[in-house]
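Report on one structure; see the data block that follows.
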Amino acid sequence: MGRPSHKDNNLNFSKDPSAAIEDMMNQYGTLVLRTAYFYLGDRHLAEDISQEVFMLAYRNWTKFRGDSSVKTWLIKITINRCRDHLRLKRSAEIPSDPIFINEPITRNLEEEVIKRMNRTEILKHVLTLPLHYQEVLYLFYYLDFNTLEIAKATGDPEGTIRGRLHRARKLLGGLLEKEGFQ
């Protein structure tokens, strides 16, 4: 069993993988689902992938070395499962904003609708970018990963991630400027 990251101090790191997986599902289940949905654009498929992620995590729990946080490890598994699926078939559906999956409406309805419309409009522009730019923007802005965590999750060097993030921001900024977003 690996050493847990300081970021995962609320997880049960006993030798019992069942207890650890239950804690991971409670803490990161929505995050895994949102990430799968971002990649796949299909809620049902994202749910299937999420289940696969936690089954793989359960089977490989004793192999987790602790080189990254459990969150990063789970997102890496999620990304890899989604990439595998996309190699077989790319979904044509444009997803709505994955941040809103399982998120209750906490504002008045009018403010919430405007917020979601703006985020969905921005997401549509993000989805016009090449996949490697979409990926870094999602992981950085939606999951709050830093560049080192993104590098670990994607398997790319951190310098490459910083460059992609910079270029992705520039490209997205140009697209949004053309559309009149400020």
Side-chain angles (χ1 to χ4, degrees), residues 5 7-8 27-50 52-53 67-103 106-107 111-182:
S5 164
K7 295 179 183 178
D8 300 311
Q27 191 165 343
Y28 300 119
T30 300
L31 193 65
V32 167
L33 177 63
R34 287 177 178 170
T35 301
Y37 184 74
F38 175 80
Y39 275 84
L40 304 171
D42 180 300
R43 170 78 184 231
H44 299 291
L45 186 55
E47 289 170 349
D48 291 345
I49 294 291
S50 296
E52 287 180 36
V53 167
D67 294 340
S68 65
S69 69
V70 171
K71 176 182 171 182
T72 303
W73 182 59
L74 289 171
I75 296 302
K76 181 175 183 131
I77 295 170
T78 305
I79 290 170
N80 287 337
R81 295 301 303 138
C82 291
R83 285 178 176 172
D84 290 346
H85 179 78
L86 290 172
R87 280 187 201 104
L88 299 173
K89 180 181 178 190
R90 175 77 179 162
S91 173
E93 179 183 343
I94 295 178
S96 62
D97 195 329
I99 200 86
F100 298 118
I101 292 179
N102 293 339
E103 182 179 280
T106 56
R107 309 169 192 264
E111 287 177 5
E112 191 66 28
V113 168
I114 291 170
K115 177 183 173 187
R116 288 183 184 208
M117 284 175 45
N118 286 338
R119 289 182 66 100
T120 299
E121 227 13 74
I122 292 170
L123 182 62
K124 284 180 186 177
H125 291 293
V126 168
L127 294 174
T128 65
L129 299 174
L131 184 59
H132 58 280
Y133 292 144
Q134 293 176 29
E135 187 173 70
V136 294
L137 288 170
Y138 175 76
L139 294 171
F140 190 81
Y141 289 107
Y142 282 81
L143 299 189
D144 294 322
F145 275 29
N146 61 39
T147 55
L148 180 59
E149 291 170 320
I150 296 170
K152 287 180 179 179
T154 61
D156 294 319
E158 187 179 8
T160 300
I161 297 302
R162 282 194 300 268
R164 280 185 191 157
L165 186 57
H166 177 75
R167 285 187 296 280
R169 286 176 179 148
K170 280 187 130 176
L171 288 170
L172 181 59
L175 290 171
L176 293 175
E177 191 176 300
K178 286 179 185 176
E179 294 292 321
F181 273 87
Q182 297 178 354

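Positions are given from 1, in the same order as the sequence printed here. Values in this document were obtained by computation on a predicted structure and should not be read as measured data. No hydrogens, no waters, no symmetry mates; every other heavy atom, side chains included, goes into these values.
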Name all residues meeting the side-chain hydrogen bond (donor to acceptor under 3.5 Å, both in side chains) criterion together with Arg164; count only those two or more places apart in sequence or in a different chain, and write none if there are none. Asp156
Sequence neighbours excluded, which residues qualify as salt bridge (charged side-chain N to carboxylate O under 4.0 Å, His left out) partners of Arg83? Glu135
Value for CG (Leu33) from CG (Asp48), rounded to nearest 0.5 Å, stands at 10.5 Å
Hey, could you give me the SG/CG distance between Cys82 and Leu45, rounded to the nearest 0.5 Å? 7.5 Å
So which heavy atom on Leu172 is nearest to which on His125, and how close? CD1-CB, 3.8 Å
Quick one: side-chain hydrogen bond (donor to acceptor under 3.5 Å, both in side chains) partners of Thr78, sequence neighbours excluded? none
Euclidean distance, Thr72 OG1 relative to Glu149 CD, rounded to 0.5 Å: 4.0 Å
Which heavy atom of Arg162 sits nearest a heavy atom of Thr147, and at what distance? CG-CG2, 3.7 Å
Measuring only between side-chain heavy atoms, which start at C-beta, is Leu127 closer than 4.5 Å to Phe38? yes
With a 4.5 Å cut-off on side-chain heavy atoms, are Ile79 and Tyr39 touching? yes
Validation row: Ile49, Val53 side chains within 4.5 angstrom (heavy atoms): yes
Go through the structure and list residues passing side-chain hydrogen bond (donor to acceptor under 3.5 Å, both in side chains) with Glu47, not counting sequence neighbours. Arg43
Between Ser50 and Ala36 the two heavy atoms that sit nearest each other are OG-CB, 4.3 Å
Kindly give the heavy-atom pair with the smallest separation between Arg81 and Asp84, and that separation in Å. NH1-OD2, 3.2 Å
Using the side-chain contact (heavy atoms from CB on, under 4.5 Å) criterion, which residues pair with Pro157? Sequence neighbours excluded. Thr160
Mind listing the closest non-hydrogen atom pair of Leu171 and Tyr133 along with its distance? CD1-CE1, 3.4 Å
Would you give the length of the straight line joining atom NZ of Lys152 to atom CG of Asp67, rounded to the nearest 0.5 angstrom? 6.5 Å
Atom NE2 in His132, atom CD1 in Ile161: separation rounded to 0.5 Å? 9.5 Å
Trace of the side-chain contact (heavy atoms from CB on, under 4.5 Å) decision for Val70 with Leu74: CA-CA 6 Å; Val70 171; Leu74 289 171; 3.9 Å; yes
Find out whether Asp42 and Tyr37 are in side-chain contact, i.e. whether some heavy atom of one side chain is under 4.5 Å from a heavy atom of the other. no
Tell me, do Asp144 and Leu139 make a side-chain contact under 4.5 Å, heavy atoms counted? no
Any sub-3.5 Å donor-acceptor pair from Glu158's side-chain atoms to Ala151's backbone N or O? no
Residues in side-chain contact (heavy atoms from CB on, under 4.5 Å) with Leu31, at least two apart? Tyr28, Lys71, Ile75, Leu143
Listed by chain and number, what are the salt bridge (charged side-chain N to carboxylate O under 4.0 Å, His left out) partners of Arg169, not counting sequence neighbours? none
Side chain of Tyr142, backbone of Leu137: donor and acceptor closer than 3.5 Å? no
How long is the span from the OG atom in Ser68 to the CZ atom in Phe145, to the nearest 0.5 Å? 8.5 Å
